[in-house]
Amino acid sequence: MPTFQAPRGTTDRLPAEQKYWRYIESKAMDVARRFGYGRIDSPMFEDAGLFVRGVGEGTDIVEKEMYVFEDRGGDMLTLRAEGTAPVCRAYLQHGMQNQAQPVRMYYICPVFRYERPQAGRFRQHHQFGVEAIGDPDPSVDAEVIELAWTMMHDIGLSDITLVTNSIGDGDCRPEYIRALKSYYENVSGHLCQDCKSRLERNPLRLLDCKVETCRALGEEAPKSVECLCAACEDHWNRVQSYLSAMGIANRVDHRLVRGLDYYTRTVFEIQPAVEGAQSTICGGGRYDGLIEQLGGRPTPGIGFGSGIERLTLNLIRNEVAVPDEPSPQYLIVTMGEEARIEGVRLANQMRAAGVGAILANGGRALRGQMRQANALRVSTALILGEDEVRDGTVAVRDMQTSSQQIVPVDTFLCNAAGG
RNA sequence: GCGAGCAUAGCCAAGUGGCCUAAGGCGCCUGUCUGUGGCACAGGAGAUCACGGGUUCGAAUCCCGUUGCUCGCCCCA
């Protein structure tokens with residue numbers, strides 16, 4: 001056991017794993033571009049109050065998962081616990097309500113939560129997310145869902161399910177929760193211990209309990225979509241008709257609620273077909289009260305977050321072909337100190353010309369250096385020995401075909417830089 | 001916060017009381033091949049057997065504790 005290890009729930013992203021990240025990030029960025037979303041990068045830490053106000057005091061995130069610390073000036077700060085609240089804060093701080101609405105933004109950033117790590121769950125994980133702030137129209141809900149759906153297919157995950165629900169707004173939800181509570185109070189004798197406390201603390205969460213008896217009760221429970229006020233119902237129906245116009249199938253699950261307080265109306269998740277804990281790879285919804293909660297004028301918004309670690313896990317599980325990181329093109333092999341000097345010079349000139357070059361381990365025999373060329377998967381070895389140095393040439397060896405020719409260094413440099 | 005399992009070189013591991021001065025494989029290094037890689041063969045480096053204590057004539061192996069990791073619950077991406 002080494003003296004120091006990466007802190008619990010964090011991982012080193014090694015060179016060999018980078019290809020997944022580059023792949024997902026580039027696909028995500030391209031989708032965002034096509035939908036007209038601009039990138040935003042917010043700080044890694046925020047005023048602790050932002051999350052308390054935004055996410056909700058009773059949520060698990062705020063109650064027990066935030067990394068909170070006091071800095072040397074006495075400010076209470078929190079490592080970013082969630083993606084949406086910081087973007088909304090930035091929206092307010094930079095007066096984005098004066099831009100054309102909605103303001104469309106995306107982010108790729110780390111998120112920190114103090115949880116017990118397990119498969120697909122970390123204390124530092126990374127999310128690709130988008131937010132469309134300032135437009136209440138249901139077509140924006142459909143657009144955000146379409147964006148998520150498109151991104152999944154672009155990276156090669158097609159065996160996935162979109163799950164949707166509407167949990168109403170400030171007008172109809174209180175009534176729904178009353179109905180839900182009275183339903184559960186009548187059957188409270190059959191509830192598990194956790195659910196009994198949920199009944200008081202967070203009745204919506206009763207619906208997604210995994211205990212079999214509670215599940216069965218959840219099936220019969222009042223459904224939020226049946227208790228919507230007229231405005232919410234109209235919104236919900238239009239989201240559904242836009243989705244169907246785009247041919248995006250979705251399963252309405254009245255037990256889908258979400259753990260953050262700010263959600264209103266549309267909520268959704270995307271789940272892969274393979275069963276397993278922490279299977280959700282994308283989750284989001286509308287948050288029409290959040291900006292106001294953070295001190296702004298009433299402003300609607302909708303967005304989602306998608307966990308890059310979980311996406312990677314699913315790419316590997318489904319054996320999606322992900323392009324390798326490009327390996328260095330040239331390895332310079334030298335024999336003797338004279339040639340070494342030429343090798344250093346050549347590498348320097350190549351790099352200056354924008355061509356990738358690395359020097360082989362000069363302490364090794366030619367054979368060992370060639371082995372290195374093989375191990376590094378370079379496409380070409382450049383060999384400098386006594387003869388080449390004397391003649392101002394370099395032996396250019398194609399590692400695939402094993403064909404080799406001796407060319408003047410200047411000619412080689414010209415060709416390499418040009419091609 | 002609760003529950004379960006695991007811990008032997010960089011990685012995968014055999015070993016369940018004494019022939020363990022710890023097998024084997026991958027990877028790494030060297031040589032066979034004095035200036036040419038992949039294949040093959042030969043050799044080499046690399047392990048306080050997670051840490052601490054106990055039982056025993058004897059512990060990688062049994063017991064206790066600690067730490068770490070993994071998996072599940074809660075919740076989430």
Side-chain angles (χ1 to χ4, degrees), chain A residues 1-11 14 16 24 55 58-65 80-84 107-129 148 192-195 197-198 201-202 205 208-211 257-260 269-272 276-284 303-314 331 333-336 339 360-361 363-389 395-404 406:
Chain A
M1 199 70 62
T3 310
F4 294 109
Q5 295 186 73
R8 177 158 228 212
T10 69
T11 55
L14 303 173
I24 292 169
V55 178
T59 59
D60 279 14
I61 289 182
V62 170
E63 261 182 11
K64 50 190 193 189
E65 295 175 0
R80 175 170 42 227
E82 185 268 339
T84 300
Y107 54 84
I108 297 172
C109 67
V111 173
F112 304 87
R113 286 179 207 160
Y114 186 84
E115 302 180 271
R116 290 288 291 269
Q118 62 192 73
R121 198 175 68 190
F122 306 91
R123 287 185 174 177
Q124 177 183 347
H125 77 279
H126 300 76
Q127 289 188 18
F128 164 65
C192 70
Q193 212 50 46
D194 284 340
C195 279
S197 71
R198 286 186 182 116
R201 286 182 42 218
N202 197 347
R205 297 230 66 89
D208 68 350
C209 182
K210 273 120 199 152
V211 175
V257 294
R258 300 203 29 91
L260 287 64
E269 286 186 1
I270 294 175
Q271 294 162 3
Q278 282 81 49
S279 63
T280 300
I281 52 178
C282 174
F304 70 78
S306 182
I308 299 180
E309 284 82 358
R310 289 186 188 175
L311 293 175
T312 302
L313 193 70
N314 279 277
L331 181 76
V333 168
T334 63
M335 279 165 290
N361 181 337
R364 294 191 194 174
L366 175 61
R367 168 183 210 67
Q369 295 186 53
M370 289 305 291
R371 277 185 176 157
Q372 200 179 357
N374 202 55
L376 292 170
R377 300 163 168 279
V378 297
S379 53
T380 310
L382 303 176
I383 303 161
L384 292 167
E386 253 180 60
D387 300 347
E388 287 80 7
V389 171
V396 181
R397 181 179 183 83
D398 186 307
M399 296 298 289
Q400 240 79 57
T401 63
S402 296
S403 64
Q404 182 169 325
I406 295 184

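Per chain, numbering begins at 1; letters A, B, ... match sequence-line order.
With P as the reference atom, B:C49 and B:U21 are 12 Å apart, rounded to whole Å. Nucleotides B:G10 and B:A45, compared at atom C1', are 13 Å apart to the nearest Å. Taking atom C1' on both nucleotides, B:G46 is separated from B:C71 by 31 Å, rounded to a whole Å. Here, B:G3 and B:A14 have their P atoms 30 Å apart, quoted to the whole Å. Taking atom P on both nucleotides, B:G24 is separated from B:G43 by 11 Å, rounded to a whole Å. Nucleotides B:C62 and B:G17 place their P atoms 8 Å apart, quoted to the nearest Å. B:A47 and B:C28 are spaced 16 Å apart, taking the C1' atom of each and rounding to whole Å. A gap of 29 Å separates the C1' atoms of B:U61 and B:G27, to the nearest Å.
In this structure, A:Gly120 reaches the bases: a heavy-atom distance under 4.0 Å links it to at least one base atom across the strands shown. Using a 4.0 Å heavy-atom cutoff across all strands shown, A:Phe122 reaches at least one base atom of the nucleic acid. Using a 4.0 Å heavy-atom cutoff across all strands shown, A:Glu269 reaches no nucleic acid atom at all. Contacts of A:Glu115 with the nucleic acid, taken as non-hydrogen atoms under 4.0 Å apart, include base atoms. At a threshold of 4.0 angstrom between heavy atoms, the contacts of A:Asp60 are confined to the sugar-phosphate backbone, with no base atom among them.
Rounded to whole Å, atom P of B:A77 lies 16 Å from atom CZ of A:Phe112. In this structure, A:Met399 places its CE atom 12 Å from P of B:C39, rounding to the nearest Å. For the pair A:Leu331 CG and B:G38 P, the computed distance is 14 Å after rounding to whole Å. Put simply, CD1 on A:Ile281 is 13 Å from P on B:A77, counting in whole angstrom units. Residue A:Ile383 contributes atom CD1, which lies 8 Å from atom C1' of B:G35 at whole-angstrom precision. Put simply, CG on A:Leu376 is 13 Å from C1' on B:G38, counting in whole angstrom units. The separation between A:Arg113 atom CZ and B:C75 atom P is 14 Å, rounded to whole Å.
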Q: Scan nucleotides 25-33 of chain B nucleotide by nucleotide, 5' to 3', and note B when protein non-hydrogen atoms come under 4.0 Å of the base, S if they reach only the sugar-phosphate, - if neither.
A: ----SSBBB

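Map A:Arg8 and A:Val257 each onto its nearest nucleotide of RNA chain B; the residue landing nearer the 5' end is A:Arg8. Comparing A:Met335 and A:Asn374 against RNA chain B, the residue whose closest nucleotide sits nearer the 5' end is A:Met335.
Across all strands shown, the partner of B:C2 is B:G72, judged by Watson-Crick or G-U wobble contacts whose two distances both fall under 3.5 Å. Pairing partner, B:C57: B:G18, with both Watson-Crick or wobble hydrogen-bond distances short of 3.5 Å. B:G10 is paired with B:C26 under the criterion used here, namely a Watson-Crick or G-U wobble arrangement in which both key atom distances are under 3.5 Å. The partner of B:U36 cannot be assigned: no Watson-Crick or G-U wobble pair with both contacts below 3.5 Å exists in any strand. Pairing partner, B:A50: B:U66, with both Watson-Crick or wobble hydrogen-bond distances short of 3.5 Å.
Of the possible polar contacts, none joining the A:Gln127 side chain to the A:Ile108 backbone as a donor-acceptor pair under 3.5 Å is found. With hydrogens and angles ignored, the 3.5 Å screen pairs no side-chain donor or acceptor of A:Glu115 with any backbone N or O of A:Pro117. Side chain of A:Gln372 to backbone of A:Ala360: no donor-acceptor contact under 3.5 angstrom is found. Formation of a donor-acceptor pair under 3.5 Å by the A:Thr334 side chain with backbone atoms of A:Leu384 is not found in this model. In this structure, the side chain of A:Arg113 does not engage the main chain of A:Arg123 through any donor-acceptor pair within 3.5 Å. Counting only distance, with no hydrogens or angles, the side chain of A:Thr280 and the backbone of A:Cys282 share no donor-acceptor pair below 3.5 Å.
Of all nucleotides listed (B:G35, B:U36, B:C2), B:C2 comes nearest to the side chain of A:Arg116. Which of B:G68, B:C73, B:A77 sits closest to the side chain of A:Gln5 comes down to B:G68. The side chain of A:Leu366 has B:G35 as its nearest neighbour among B:A77, B:U70, B:G35. Closest to the A:Met370 side chain, of the nucleotides B:A77, B:U70, B:U36, is B:U36.
Scanning atom types as modelled, one donor and one acceptor separated by under 3.5 angstrom connect the side chain of A:Glu388 and the base of B:G35. Within 3.5 Å, a donor on the side chain of A:Gln404 pairs with an acceptor on the base of B:U36, or the reverse.
Results of the side-chain contact (heavy atoms from CB on, under 4.5 Å) test with A:Ile383 over A:Leu366, A:Ile406, A:Val396 single out A:Leu366 as the only residue that passes.
When the salt bridge (Lys or Arg N to Asp or Glu O under 4.0 Å) test is applied to A:Arg397, no partner is found at least two apart in sequence or on another chain.
Residue A:Gln118 places at least one side-chain N or O under 4.0 Å from the OP1 or OP2 atom of B:G72. Between A:Arg205 and the phosphate of B:C75, there is a side-chain N or O to OP1/OP2 separation shorter than 4.0 Å.
With salt bridges taken as basic N to acidic carboxylate O contacts below 4.0 Å, one links A:Glu269 and A:Arg258.
The shortest distance between side-chain heavy atoms of A:His126 and A:Cys109 does not fall below 4.5 Å.
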